[in-house]
A.B. asks: 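A single structure is presented below for examination.
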Amino acid sequence: MAYGAIISLGAQPPAAVTSSSTKFLRSHVATPSPTFRKHILISTPREFRRPSATVFSDAVVQDAGATALVVSGAYALVSIFDNLTRRSIIEQNLSRKLVHILSGLLFLASWPIFSTSTGARYFASLVPSINCLRLVIHGLSLASDEGLVKSVTREGKPEELLKGPLYYVLVLIFCAIVFWRESPVGMISLAMMCGGDGIADIMGRRFGSLKIPYNQQKSLAGSLSMFLFGFLVSVGMLYYYTVLGFIQLDWMWTIERVAFVSFVATFVESLPTTGSVDDNISVPLASMLTAILVFGY
Ligand SMILES: C/C(=C\COP(=O)(O)O)CCC[C@H](C)CCC[C@H](C)CCCC(C)C
Ligand SMILES: Nc1ccn([C@@H]2O[C@H](COP(=O)(O)OP(=O)(O)O)[C@@H](O)[C@H]2O)c(=O)n1
């Protein structure tokens, strides 16, 4: 069967798709348009068909535990890079970019530890939501957290938290709730925002002597790094979800489309729009729209 992806809602191998489970899913998750249905087939694990009190309570316990674990991981990540910066082991800009790359990708990689219930995505979105609140509180200087400010801002000003970092966590919330594990769109969009855009800065600052003709602030080295690393991280994340049994892919069909999404996102990031639109908005937005176009939703 020529299909692009079979997307299962659980870590188990896809259960047989039945008309009742398909009807259930249509009422709960977006399904691909008919054009793409031969490439993307959604299935559902058994517990969805007759959710019981036991299944529900087990899922809530699992999701609450997963949320606590990932929130702790977020605090630990920022603290580790704050410590490395304070001890001058790495410079602040590199620290910020490594936090930029690792935060979102580790968050994306944590989604499989949440349950297969329909509420799991909302539990997962609590992690960036809590960090969103943290950024707003410290960005408005209602409280002080020097470690946070030093780890995720360019110039160490608290108000910077209300720009790039805030847009970043809002995108994480959006992708977790809207796309979750059902769609490659969220996975690819986060791979491009976190991996691609993050590496562009690191490589561009170091090897970016050859500038882009239409944007002297950005370099071919940065953009090429973004395209390649964003593409590889996207494919890697899709493979990760394949190995865990969430999706099955026709790899040639998929890789062509991932490469196209990566190209479009890289081109958008290279445009001289830094002053008007933050990359943490333009890159994921371009990735989502392109991925929806080529993957169907
Ligand atoms: C540095 C960040 C954004 C700035 O982007 P840019 O201005 O350089 O373009 C990232 C901010 C990260 C945020 C403070 C913490 C987010 C944590 C995440 C939701 C969960 C991570 C969990 C994982 C297990 C570490
Ligand atoms: N495509 C790119 C992106 C960034 N860069 C380098 O990285 C620096 C920061 O890029 P940026 O303004 O996009 O940074 P963020 O908005 O991603 O934090 C730029 O001033 C360039 O030196 C590059 O050379 N080529």
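As the structure is a prediction and not an experimental result, all values here were calculated from the model. One-based numbering, in listed order, for ligands and for the atoms of each.
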A.B. asks: Say whether D197, considering both its backbone and side-chain N or O atoms, lies within less than 3.5 Å of an N or O atom on ligand 1.
C.D. replies: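 So ligand 1 has no N or O lying under 3.5 Å from an N or O of D197.
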
A.B. asks: May I ask you to check if ligand 1 and Y168 share an N or O to N or O distance below 3.5 Å?
C.D. replies: no

A.B. asks: With backbone taken as N, CA, C and O and side chain as the heavy atoms from C-beta onward, which portion of M226 lies under 4.0 Å from ligand 2: side chain, backbone, both, or neither?
C.D. replies: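 The answer is neither.
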
A.B. asks: Given G222, G208, S219, S270, identify the one with the heavy atom nearest to atom 24 (O) of ligand 2.
C.D. replies: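 Ranked by closest heavy atom to atom 24 (O) of ligand 2, first place is S219.
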
A.B. asks: Below a 4.0 angstrom heavy-atom separation, can you tell me which part of D279, side chain or backbone, both or neither, approaches ligand 2?
C.D. replies: side chain

A.B. asks: Below the 3.5 angstrom mark, is there an N/O of H100, backbone or side chain, next to an N/O of ligand 1?
C.D. replies: yes

A.B. asks: Please work out whether the ring planes of F107 and W111 are parallel, tilted or perpendicular, with thresholds of 30° and 60°.
C.D. replies: perpendicular

A.B. asks: Nearest to atom 13 (C) of ligand 1, what protein heavy atom do you find, and at what distance?
C.D. replies: V169 CG1, 4.1 Å

A.B. asks: Should you measure from each heavy atom of Q217, which atoms of ligand 2 turn up under 4.0 Å away?
C.D. replies: 19 (C), 20 (O), 21 (C)

A.B. asks: For F179 and F174, take the angle between the two ring planes, folded into 0 to 90°, and tell me which bin it lands in: parallel under 30, tilted 30 to 60, perpendicular over 60.
C.D. replies: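 Answer is perpendicular, since the angle exceeds 60°.
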
A.B. asks: Quick check on contacts: which atoms of ligand 2 are under 4.0 angstrom from a heavy atom of R96?
C.D. replies: 18 (O)

A.B. asks: Is the F295-W253 ring centre distance short of 6.0 angstrom?
C.D. replies: yes

A.B. asks: Does even one non-hydrogen atom of H100 get within less than 4.0 Å of ligand 2?
C.D. replies: no

A.B. asks: Does an N or O anywhere in S103 fall below 3.5 Å from an N or O of ligand 1?
C.D. replies: no

A.B. asks: Take every heavy atom of K97, measure it against each atom of ligand 2, and state whether any distance is under 4.0 Å.
C.D. replies: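 Distance cut 4.0 Å: K97 passes for ligand 2.
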
A.B. asks: If we only consider heavy atoms of R154, is any one of them less than 4.0 Å away from an atom in ligand 2?
C.D. replies: yes

